[in-house]
Amino acid sequence: MSKPRVLVLSLGGTITMVPSDSGGITPRLGAAELVAAVPQLGEVAEIDARSPLRLPSPSLPAAAIVDVAGEIARAFASGFDGAVVVQGTDTIEESAFLLDALIDSDKPVVVTGAMRGADAPGADGPANLLSAVIVATSAQARGLGTLVVLNYDIHAARFVQKSHTALPSAFLSPLAGPLGAVIERRPRFYVRVNRMPALPVSGGPPEPVLLARIAMGADGRLLGALPGLGYAGVVIEGMGAGHVPADMVPALAELAEKVPVVLASRAMTGPVFTETYGYPGGEIDLIKRGLIPSGFLSGLKSRLLLGLALRSGGGRSAAVKAFEPYQ
Ligand code: ASP
């Protein structure tokens, strides 16, 4: 019987890093070397290994992930059964969310990486790559949207967050938990989610959106300058269920008249409220003044969704529509 065909696209990250002459580890390995280091992959899938980039993930532009989404869409159209994207863990929660928002297919798309360098004792890259390919070939992984697989855990892109700087168990889905785990080389799904509606890949990279985290005593004096700096939208990471200091409200209201402003929370997780707190700077006040609640999306993910929604020039109504499924 022929094996499933899986596209493995490597973009860099710690999983590809080995010591460099200039000190420290840097991204040097490509997808073919990563795949060759895990002979068990040959038992699972027929792999096409490609290395479009070799970057540390803090330097990955969102535009590159939109290109990756296009490459995966073409691969699916030409008969591939699943896709694995390998990249740095620092921005996995963002890349995976972008792919989730852009890929219009039930075929599995899995993002993975590693917390330890390729030549570190106990390197986690090989096990993570094997788990990712196993999930990418699984019929049960179809229709769940983009998944993130590390440390045997299977997370939905919409929930996953990097929650530690060092541990192989750094990835958590604090709102809903992981969907399942890879155990005895088989994905076990305990929870299922629906695929979210896809936005067009052909629309290009997200528009520039600023993410602003609101701290005690913040006064918002920078907010008025943002549209002039070229920001098409702003995401506010408010306190708790979506709150800001009262002093900041006039500047925020003025900003929301110029560009779409989304209200997320700086809390680790949980939805933004819409109908509880009635004080100035509370969520009822801010929503009345035009801010769009992010639902359960984190500030990082909200920033990308707003940037994608604003590509077509649809303005505030396109933004409201894009956030509806996440409320
Ligand atoms: N620490 C990162 C990683 O785990 C580096 C990066 O994101 O590229 O891959």
Side-chain angles (χ1 to χ4, degrees), residues 8-38 41 49-69 71-72 83-100 109-133 135-136 146-157 159-174 178 182 205-206 211 268 298-301 303-304:
V8 174
L9 284 172
S10 175
L11 310 181
T14 297
I15 190 169
T16 69
M17 291 194 198
V18 288
S20 73
D21 295 341
S22 51
I25 57 173
T26 56
R28 304 253 294 282
L29 306 179
E33 290 148 298
L34 299 181
V35 169
V38 189
L41 286 169
R50 302 180 194 167
S51 310
L53 296 169
R54 290 178 199 219
L55 289 175
S57 77
S59 295
L60 275 179
I65 306 302
V66 177
D67 290 345
V68 166
E71 187 160 356
I72 291 173
V84 171
V85 176
V86 174
Q87 71 148 80
T89 58
D90 289 356
T91 60
I92 274 189
E93 67 199 91
E94 289 160 277
S95 299
F97 181 75
L98 273 174
L99 296 173
D100 196 42
V109 178
V110 182
V111 189
T112 193
M115 294 298 290
R116 297 183 181 132
D119 69 347
D124 48 337
N128 287 345
L129 182 59
L130 180 58
S131 295
V133 172
V135 173
T146 298
L147 301 170
V148 170
V149 173
L150 282 104
N151 203 37
Y152 294 154
D153 286 316
I154 308 170
H155 298 272
F159 298 134
V160 74
Q161 295 176 206
K162 187 172 188 179
S163 309
H164 198 283
T165 54
L167 299 177
S169 57
F171 284 85
L172 301 176
S173 293
V182 180
L211 174 59
M268 192 209 290
S298 69
L300 287 175
K301 295 179 204 277
R303 172 178 166 272
L304 295 169

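Counting starts at 1 for both ligands and their atoms, following the listed order. Basis for what follows: all heavy atoms, side chains included, without hydrogens, waters or symmetry-related copies.
Each of the following atoms of ligand 1 lies closer than 4.0 Å to a heavy atom of Thr14: 1 (N), 2 (C), 3 (C), 4 (O), 5 (C), 9 (O). Set against the non-hydrogen atoms of Gly13, the atoms of ligand 1 under 4.0 Å away are 8 (O), 9 (O). Within the listing of ligand 1, atoms 6 (C), 7 (O), 8 (O) sit less than 4.0 angstrom from a heavy atom of Ser57.
Within the 3.5 Å criterion, the main-chain N or O of Gln161 finds a donor-acceptor partner in the side chain of Ser163. No donor-acceptor pair closer than 3.5 Å links the side chain of Arg54 to the backbone N or O of Met17. Using modelled atom types, no side-chain atom of Lys301 and backbone atom of Phe159 make a donor-acceptor pair closer than 3.5 Å.
Qualifying side chain to side chain donor-acceptor pair (under 3.5 Å) partners for Arg50, counting only residues two or more places apart in sequence or in other chains: Asp48, Glu71.
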Donor-acceptor pairs under 3.5 angstrom involving side-chain atoms of residues 121-128: please list them, not counting sequence neighbours.
from	atom 1	to	atom 2	distance (Å)
Asp124	OD1	Met115	N	3.3
Asp124	OD1	Arg116	N	2.9
Asp124	OD2	Met115	N	2.9
Asn128	OD1	Asn151	N	2.9
Asn128	ND2	Gly113	O	2.9
Asn128	ND2	Asp124	O	3.4

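Considering backbone and side-chain N/O of Gln87, none are found under 3.5 Å from N/O of ligand 1.
Atom 4 (O) of ligand 1 has Thr89 OG1, 2.4 Å as its closest protein atom, hydrogens excluded (heavy atom only).
Heavy atoms of Ala114 found under 4.0 angstrom from ligand 1 belong exclusively to the backbone.
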